[in-house]
Amino acid sequence: QQQVKQSPQSLIVQKGGISIINCAYENTAFDYFPWYQQFPGKGPALLIAIRPDVSEKKEGRFTISFNKSAKQFSLHIMDSQPGDSATYFCAVQRGGSQGNLIFGKGTKLSVKP
Amino acid sequence: DSGVTQTPKHLITATGQRVTLRCSPRSGDLSVYWYQQSLDQGLQFLIQYYNGEERAKGNILERFSAQQFPDLHSELNLSSLELGDSALYFCASSVDWGLSSGNTIYFGEGSWLTVV
């Protein structure tokens with residue numbers, strides 16, 4: 001069963017717009033929620049991460065919103081730029097486990113100039 | 001550049017064959033992880049080693065095995081290869097074994113395996 005559901009599969013946004021990607025999880029034991037960015041031909045790279053004791057975390061143009069009761073978290077990219085065009089993955093990790101992440105299926109973001 | 005080095009970058013082999021993928025973690029990192037990325041399954045955790053010892057196992061097939069050597073580099077061995085094993089295999093590393101705050105996991109650029 002899919003433990004992390006990510007949507008949408010693909011997203012097209014105009015330059016300067018807001019990109020929003022959503023993830024939903026099932027297991028309340030998860031306690032680490034990172035977002036990874038992957039460019040073609042490259043490995044995933046950590047973009048931003050949050051723990052469930054806060055509802056929002058912002059780093060530059062990137063913000064994670066976390067809703068513990070709904071078991072959902074989302075990535076917001078403000079003032080989206082063509083250089084943001086990439087595939088974005090949400091992931092979860094179970095508290096107390098080793099460093100193995102469970103990834104969503106990914107969202108391919110295209111930012112049009 | 002994440003500092004994680006993987007070789008080879010591309011590999012084409014026939015069904016039934018065996019291949020070895022190699023990974024050098026970032027300097028100072030003791031944990032090595034292997035992930036498989038395919039179109040249908042997405043990114044899946046295979047196995048983790050910490051300082052030479054197996055720490056966690058994910059969806060790794062019995063035909064696959066891995067090890068981490070004293071110099072901390074790691075190898076992923078894939079045997080009796082099938083068409084469905086064609087995928088991008090990532091190695092990743094981190095300083096520690098768990099994902100506590102500040103213990104980021106860094107991915108290499110992957111090894112593309114094509115089984116024909």
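Just so it is clear, the structure is predicted and the values come from calculations on it, not from any experiment. Lettering of chains follows the sequences in order, A, B, ..., and the numbering in each one begins at 1.
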Asks: Using the ring-ring contact (aromatic ring centres under 6.0 Å, His included) rule, pick out the option among A/Phe62, A/Phe73, A/Phe66 that qualifies with A/Trp35.
Replies: A/Phe73
Asks: Check each atom of B/Asp40 against the heavy atoms of chain A and say whether the ones under 4.5 Å are side chain, backbone, both or neither.
Replies: backbone
Asks: Would you find more than 12 non-hydrogen atoms of other residues, nucleotides or ligands less than 6.0 Å from B/Leu39 atom CG?
Replies: no
Asks: Could you check whether A/Asp84 pairs with A/Arg61 (Lys NZ or Arg NE/NH1/NH2 to Asp/Glu carboxylate O, under 4.0 Å)?
Replies: yes
Asks: Would A/Lys57 and A/Glu59 pass as an ion pair if we require N to O under 4.0 Å?
Replies: yes
Asks: Given heavy-atom pairs under 4.5 angstrom as the criterion, report whether the side chain, backbone, both or neither of A/Lys105 touches chain B.
Replies: side chain
Asks: What part of B/Gln37 gets within 4.5 angstrom of chain A, counting heavy atoms only: side chain, backbone, both, or neither?
Replies: side chain
Asks: With only heavy atoms counted, which part of B/Tyr106 is less than 4.5 Å from chain A, the side chain, the backbone, both or neither?
Replies: neither
